[in-house]
Every structure is written in structure tokens, then in C-alpha cells.
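Input: a single structure, listed below in C-alpha cells.
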Amino acid sequence: MIIVLSVILTILSDYFFQVDNLKNIMQQCTIYGLLGIGMTFVILTGGIDLSVGSALAFSGVVLGMCLKGGAPLPAAILVCVVIGIACGMLNGALVTLAKVPPFIATMGTLMIFRGMALVVTMGQAITGFDKDLIFIGSGELGGIIPVSFLLFIIALVIAYFVLEHTKFGRYLYVLGGNSEAARLSGIRVNLDKFLAYAICGACAAVASIVMAGRLNSAQPIAADGYELDAIATATLGGVSMSGGSGSIWGTFLGAITLTIVRNGMNLLNVHTYWQKIIIGAIIIIAVMFDTLRSKDKK
């Protein structure tokens with residue numbers, strides 16, 4: 001799909017295959033990809049997290065407030081990541097301890113985190129950050145590779161190692177495939193699900209750092225609707241919505257595919273209203289293929 005899209009867009013737009021646009025694609029891919037990584041961990045357990053966009057916005061404005069308060073960048077980043085993890089932990093606690101269905105739990109926290117971001121900022125964006133943060137979001141290594149994309153690749157490698165080479169990672173696949181069988185096998189189902197949501201929150205926080213650096217601002221309304229992009233990234237990459245199946249490298253390809261689609265529509269001047277329709281259709285088609293694939297395996 002990536003190859004076909006690239007060929008079509010190269011024919012339709014002279015700008016698509018230029019270096020500046022390719023770097024732009026890598027930068028855009030980072031946000032979708034980081035959220036997609038976190039979503040992959042959650043979906044593998046058979047859950048869903050609709051709050052990642054709001055968690056991104058909330059952790060981002062906390063980052064901005066820390067920096068504006070005079071905190072050094074490393075300390076502000078640490079606080080930002082802790083806030084993201086806390087958001088994920090709240091989701092995990094609601095799902096595992098309170099037994100609230102993931103869809104309902106994270107739909108509620110979607111509004112809570114967004115509301116908290118608006119309350120602490122009084123609805124105002126925080127702007128004017130340190131040049132080092134801007135370098136994380138917009139800087140380039142050797143004038144070619146965006147720093148943010150390199151950060152995404154590092155996150156991918158870590159996620160791959162965790163999912164493929166640790167007991168925790170393998171357990172996520174098992175409990176996503178059959179939670180009751182996993183429990184009877186001695187797997188700590190609730191703890192592993194809880195950790196998956198915490199990781200998802202951490203990924204949202206890292207994405208907020210990149211976004212704040214790229215835009216040189218932290219906005220309480222940032223990443224509105226990005227939870228759908230995160231889900232699309234994972235499902236396009238072959239992560240099964242029913243849980244227990246998928247790979248982190250598939251999520252990587254899903255992020256690239258989604259970014260190319262969005263970038264191509266912008267280059268071809270497709271109206272934003274139509275873009276929403278097209279992205280929605282892509283999500284539905286991806287889930288339909290996942291359903292058909294699951295039936296074939298049975």
C-alpha cells in the first residue's frame with residue numbers, strides 16, 4: 001500500500017518526492033507512530049484507549065507550565081512523562097480494578113483529561129519554549145533526519161524488544177487471545193493490563209513533548225481526535241481489534257501509511273471535511289480486513 005500510494009502521489013504531485021516533503025512526512029509520522037505504539041500495547045490485551053489525545057494535551061500543557069515556571073528542560077520532561085503515565089494508570093485502574101469496560105472508561109477519561117488541560121491553562125495556549133525543546137520537535141541531524149523521527153525509531157526498538165523478548169510482552173498476546181485461559185495459566189492478567197495502559201499514557205506524553213517542540217506551544221485543545229489516528233495506525237498495521245495478534249513493526253508501517261495518505265490529500269488540496277470521511281473509511285476497511293482474516297484463521 002505504501003509503495004502504491006507513493007507511486008500515485010509522485011505522479012500526481014511534483015512536490016511529493018522532494019526532500020523537504022519527505023522530511024515533513026517523517027515528522028508527521030512521529031506523532032501518529034508514538035500514539036500508535038501505546039495503542040498497540042492496549043489493543044493487544046483486547047482493550048482500547050480513547051483518551052490518548054486528551055492525555056497528550058494534558059501532559060503537554062503541564063510540560064509548558066513547568067518550563068514557564070523556570071524548571072529546567074529535563075525536569076519538565078520528567079514531570080510530563082509522569083503525568084502521562086498517571087493518566088494511563090488511571091485508565092488501567094478503571095479497567096482492571098473497577099471493572100469498567102475499556103471503551104466507557106477511556107471515553108470518560110477522554111473528557112476528564114481534556115477538561116483538566118483546559119482548567120489549568122484557562123483555555124489559553126502556552127508559547128515560547130526553550131530552543132532545546134524546539135530542537136526535539138523540529139531539529140534535524142545532518143540536515144536530513146528529523147530528531148523527532150529518530151526518537152520514534154528508538155521507541156519502536158524498545159517496544160519491539162518488550163513485546164518480543166520479555167515475558168510481559170508475550171503475556172500481553174496470551175491474555176489478549178484468551179484472558180480467562182491466561183488467568184488460569186498463572187498470568188497476572190490485571191497487572192499486565194494495567195501496565196499496558198500505563199505504557200500507552202507514557203507514549204502519549206512523549207508525543208506531547210515532540211508536538212510542543214514542533215509547534216513551539218502547548219495547547220489544551222491539541223491532538224483533538226488523535227485517538228482515532230492512533231487506532232487507525234495500529235489497525236492498518238495489522239493489530240487485531242479483538243486482541244492477541246499484531247506486531248510493532250506493523251504499527252510502524254501503519255503510521256507511515258496514514259501519514260502518506262494525509263500528506264497526499266494535503267498536497268492534492270483535498271478539503272479537510274473530505275479527509276475525515278476518507279480516514280474514517282480507511283479505519284472501517286482495515287477492521288473489515290482484520291475480521292475476515294480472523295475468520296480465515298478459524
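- Contact of the Thr106 side chain with the Glu227 side chain is not registered, since no non-hydrogen atoms from C-beta on lie closer than 4.5 Å.
- Val239 and Phe161 are not part of a single hydrophobic cluster, where members link through side-chain heavy atoms under 4.5 Å apart.
- Other residues, nucleotides and ligands contribute more than 12 heavy atoms inside 6.0 Å of the CZ atom of Arg170.
- Listed for the Gln275 side chain is a donor-acceptor partner under 3.5 Å among the backbone atoms of Val270.
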Inset, instruction - Under the side-chain contact (heavy atoms from CB on, under 4.5 Å) rule, what do Lys23 and Val19 come out as? Steps first, then yes or no, please. - result: CA-CA 6 Å; Lys23 289 191 290 187; Val19 174; 3.9 Å; yes
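- The local environment of CZ in Phe17 is sparse, with at most 12 non-hydrogen atoms from other residues, nucleotides or ligands closer than 6.0 Å.
- A distance of 9.0 Å separates CG in Leu44 from OG in Ser247, rounded to the nearest 0.5 Å.
- In this structure, Leu94 and Tyr197 have side chains that are not in contact, with every pair of non-hydrogen atoms separated by 4.5 Å or more.
- Judged purely by atom type and a 3.5 angstrom limit, Ser51 has no side-chain atom pairing as donor or acceptor with the backbone of Ser54.
- A donor-acceptor pair under 3.5 Å links the side-chain atoms of Tyr173 to the main chain of Gly246, judged by distance alone.
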Inset, instruction - Check the pair Val79 / Leu63 against side-chain contact (heavy atoms from CB on, under 4.5 Å), numbers first and verdict last. - result: CA-CA 7 Å; Val79 173; Leu63 170 70; over 6 Å; no
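- Cluster annotation: Val95 and Leu50 are assigned to distinct hydrophobic clusters (Ile/Leu/Val/Met/Phe/Trp/Tyr, side-chain heavy-atom contacts under 4.5 Å, transitive).
- Counting only distance, with no hydrogens or angles, the side chain of Thr233 and the backbone of Ala255 share no donor-acceptor pair below 3.5 Å.
- Residue Ile221 qualifies as open at atom CD1: its count of foreign heavy atoms under 6.0 Å is 12 or below.
- Counting all heavy atoms, side chain and backbone alike, Ala204 lies closest to Ala55 at CB-CB, 4.2 Å.
- Residue Arg114 comes nearest to Ala57 through the heavy atom pair NH1-CB, 3.3 Å, listed as atom of the first residue, atom of the second, then distance.
- Here side chain to side chain donor-acceptor pair (under 3.5 Å) pairs that include residues 26-41, with residues two or more places apart or in two chains, are Tyr32-Arg262, Thr40-Thr251.
- Residues Cys80 and Ser208 share a closest heavy-atom pair of SG-OG, 3.3 Å.
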Inset, instruction - With side-chain contact (heavy atoms from CB on, under 4.5 Å) as the test, would you mind laying out the steps for Asp132 and Ile136 before giving the verdict? - result: CA-CA 7 Å; Asp132 291 333; Ile136 294 175; 6.0 Å; no
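- Note: the hydrophobic cluster containing Ile134 does not contain Leu73 (ILVMFWY, side chain heavy atoms under 4.5 Å, direct or indirect links).
- Rounded to the nearest 0.5 angstrom, Leu172 CG and Thr45 OG1 are separated by 7.0 Å.
- By the 4.5 Å heavy-atom criterion applied to side chains, Leu9 and Asn263 are not counted as neighbours.
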Inset, instruction - With side-chain contact (heavy atoms from CB on, under 4.5 Å) as the test, would you mind laying out the steps for Leu5 and Met1 before giving the verdict? - result: CA-CA 6 Å; Leu5 284 172; Met1 187 182 296; 3.9 Å; yes
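- In terms of heavy atoms, Cys29 sits closest to Phe152 at SG-CE2, 3.7 Å.
- For the side chain to side chain contact (heavy atoms under 4.5 Å, CB included) with Asp49, the qualifying choice from Asn91, Leu110, Ile231 is Asn91, the only one to do so.
- When atom types are taken as modelled, the side chain of Ser13 and the backbone of Thr10 share no donor-acceptor pair closer than 3.5 angstrom.
- Taking CH2 of Trp249 as the start and CG of Leu163 as the end, the distance is 11.0 Å to the nearest 0.5 Å.
- Taken to the nearest 0.5 Å, the CG atom of Asp229 stands 6.5 Å off from the CD1 atom of Ile279.
- Using a 4.5 Å cut-off on side-chain heavy atoms (C-beta onward), Cys87 and Ser59 make no contact.
- Side chain of Asn21 to main chain of Phe16: a donor-acceptor pair is present (N/O by atom type, distance under 3.5 Å, no hydrogens or angles).
- Minimum heavy-atom separation, Leu56 to Met211: CD2-SD, 3.8 Å.
- Linking ILVMFWY side-chain heavy atoms closer than 4.5 Å, directly or via other members, places Ile25 and Val4 in a single hydrophobic cluster.
- How far SG of Cys200 is from CE of Met89: 14.0 Å, rounded to the nearest 0.5 Å.
- Counting heavy atoms from C-beta outward, Glu164 and Ile248 have side chains that stay 4.5 Å or more apart.
- By the criterion of side-chain heavy atoms lying less than 4.5 angstrom apart, applied directly or through intervening Ile, Leu, Val, Met, Phe, Trp or Tyr residues, Val52 is grouped together with Met107 in one hydrophobic cluster.
- Residues passing the ring-ring contact (aromatic ring centres under 6.0 Å, His included) test with Phe103, sequence neighbours excluded: none.
- In this structure, the separation between NZ on Lys99 and CG on Asn190 is 4.0 Å, given to the nearest 0.5 Å.
- Within the 4.5 Å cutoff, side-chain heavy atoms of Phe168 are placed close to those of Ile199.
- In this structure, Thr127 and Gln219 have side chains that are not in contact, with every pair of non-hydrogen atoms separated by 4.5 Å or more.
- For Ala232 against Leu258, the heavy-atom pair with the smallest separation is CB-CD2, 4.4 Å.
- Within 6.0 Å of CD1 on Ile3 lie no more than 12 heavy atoms contributed by other residues, nucleotides or ligands.
- Residues Leu90 and Phe113 meet the side-chain proximity criterion, which asks for heavy atoms closer than 4.5 Å.
- Remark: side-chain polar atoms of Lys68 are paired, donor with acceptor, to backbone N or O of Gly128 under 3.5 angstrom.
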